[in-house]
Amino acid sequence: MEYLSGIKEISLLIGIWVAIYGIDSWRREHKGKREIELAEDSLALFYEAIDVIKQIRHPVSNSIETKDIVRGKNENEAQFQARKDASVVYSRFNKHQELFNKIYASRYKFMSQIGKDESKPFDDLRLITDEILFSARMLSKLWARDNFRNDEHWEHHIAQLEKYESIFWDELDKDDLINNKLNLVISSIEATCKSVIAGNDTLHGILNKRLGK
């Protein structure tokens, strides 16, 4: 009798365990489905955005990209050429405006379904694009300057040029400031999204992770 009682208790525990695992799997399949889909979509969008930003900052440009820029009434030749050269970034960015709008619009959904703290890469990505666009705005003025009161002003001008040109153009080396920032952004969003996709916060994910080891 004791033996049969022990079998029943073990069977009951197994039944409870199977039920818990089943419920957790159901939760992951149904309740977690939206989070997983959002994580997959967001990660894909970030990968695309990184490639686009590299294209935007590519140092080789084509005159076709600025053919629609019209000289202003009060612009001299130097001012017009500077603004025209700087507009390459705006032209390239505008071609992909829909992509960035889609990313920034999904930020609120990401915050509500996955987490506010985890949405930081969205803010960081926006800061990077804003920084690139601002550099174009500054260079459109700096490139046109040719008169300086003294050597100090000239040296300051050169320092400003180097600062904003390093943001504007991809320097194509490991020390590139913007590329290093992009690497941090993609690493952060990858960590969050891949964790959600793998279901690491569920019993299903924990068990599969352990079995995988």
Side-chain angles (χ1 to χ4, degrees), residues 27-70 83-140 164-172 176-202 204-205:
R27 186 185 73 83
R28 183 176 188 277
E29 181 180 355
H30 295 280
K31 288 189 176 182
K33 185 177 180 180
R34 288 184 302 174
E35 285 83 351
I36 292 170
E37 289 177 347
L38 177 59
E40 290 174 337
D41 291 343
S42 297
L43 188 54
L45 287 173
F46 268 80
Y47 283 143
E48 186 177 356
I50 298 300
D51 285 343
V52 165
I53 290 174
K54 290 182 182 295
Q55 294 171 27
I56 289 172
R57 298 181 67 234
H58 197 281
V60 177
S61 60
N62 191 305
S63 59
I64 296 176
E65 294 179 295
T66 58
K67 64 181 179 64
D68 295 327
I69 304 299
V70 179
R83 184 170 62 85
K84 189 175 181 180
D85 291 341
S87 70
V88 169
V89 157
Y90 290 106
S91 175
R92 294 174 180 177
F93 183 82
N94 288 338
K95 289 181 180 178
H96 301 280
Q97 183 70 61
E98 185 178 349
L99 168 65
F100 291 104
N101 288 344
K102 190 173 182 180
I103 291 173
Y104 302 142
S106 66
R107 171 177 171 269
Y108 297 103
K109 184 182 292 185
F110 198 93
M111 290 172 64
S112 64
Q113 294 187 21
I114 295 178
K116 184 176 180 180
D117 292 339
E118 287 78 6
S119 69
K120 186 176 182 296
F122 288 82
D123 297 325
D124 293 339
L125 185 66
R126 181 186 284 276
L127 288 174
I128 290 171
T129 56
D130 286 348
E131 192 174 1
I132 294 169
L133 294 174
F134 182 73
S135 74
R137 179 181 175 185
M138 291 300 296
L139 288 171
S140 69
Y164 291 112
E165 285 179 347
S166 69
I167 297 170
F168 186 86
W169 296 126
D170 189 338
E171 298 184 345
L172 303 176
D176 185 89
L177 176 66
I178 296 299
N179 285 340
N180 287 337
K181 288 183 178 182
L182 290 175
N183 289 337
L184 292 175
V185 167
I186 203 66
S187 294
S188 179
I189 196 69
E190 276 182 340
T192 296
C193 291
K194 288 184 177 180
S195 176
V196 173
I197 293 167
N200 290 342
D201 60 338
T202 65
H204 179 280

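Bear in mind the structure is a predicted one, so any value in this text is a computation, not a measurement. Computed from heavy atoms alone, side chains included, the values below leave out hydrogens, waters and symmetry copies.
Applying the side-chain hydrogen bond (donor to acceptor under 3.5 Å, both in side chains) criterion to Asn101, with sequence neighbours excluded, gives Gln97. Applying the side-chain hydrogen bond (donor to acceptor under 3.5 Å, both in side chains) rule to Thr129 yields the partners Tyr104; only residues at least two apart in sequence or on another chain are considered. Remark: Glu131 pairs with Lys181 by the salt bridge (charged side-chain N to carboxylate O under 4.0 Å, His left out) rule, at least two apart or across chains. With sequence neighbours excluded, the residues forming a ring pair (Phe, Tyr, Trp, His ring centres under 6.0 Å) with Phe122 are Phe46, Phe110, listed by chain and number. Residues satisfying the side-chain contact (heavy atoms from CB on, under 4.5 Å) criterion with Asp85, sequence neighbours excluded, are Gln81, Trp143. For Lys102, the side-chain contact (heavy atoms from CB on, under 4.5 Å) partners are Leu45, not counting sequence neighbours. Scored by the side-chain contact (heavy atoms from CB on, under 4.5 Å) test, Lys120 finds Asp124 as partners (sequence neighbours excluded). Shown here are the side-chain contact (heavy atoms from CB on, under 4.5 Å) partners of Thr66, two or more places apart in sequence or in another chain: Ile69, Lys84, Ser87, Val88.
Residue Ile197 holds its CD1 atom at 10.5 Å from OG1 of Thr192, rounded to the nearest 0.5 Å.
When every heavy atom of Glu35 is checked against every heavy atom of Val196, the shortest pair comes out as O-CG1, 3.6 Å. When all heavy atoms of Ala136 and Ala86 are compared, the pair lying nearest together is O-CB, 3.3 Å.
Sorted by first and then second residue, the side-chain hydrogen bond (donor to acceptor under 3.5 Å, both in side chains) pairs with a member in residues 37-49 read Tyr47-Glu190; sequence neighbours excluded. Within the structure, side-chain hydrogen bond (donor to acceptor under 3.5 Å, both in side chains) pairs that include any residue of residues 107-118 comprise Arg107-Asp123 (at least two apart or interchain).
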Cut-off 3.5 Å, no hydrogens considered: what does the side-chain donor-acceptor table look like for residues 49-64, sequence neighbours left out?
from  : atom 1 : to     : atom 2 : distance (Å)
Lys54 : NZ     : Asn179 : OD1    : 3.3
Arg57 : NE     : Ile167 : O      : 2.7
Arg57 : NH1    : Asp176 : OD2    : 3.0
Arg57 : NH2    : Ser166 : O      : 3.0
Arg57 : NH2    : Ile167 : O      : 3.4
Arg57 : NH2    : Trp169 : O      : 2.7
Arg57 : NH2    : Asp176 : OD1    : 3.1
Arg57 : NH2    : Asp176 : OD2    : 3.4
His58 : ND1    : Val60  : N      : 3.1
Asn62 : OD1    : Ile64  : N      : 2.9

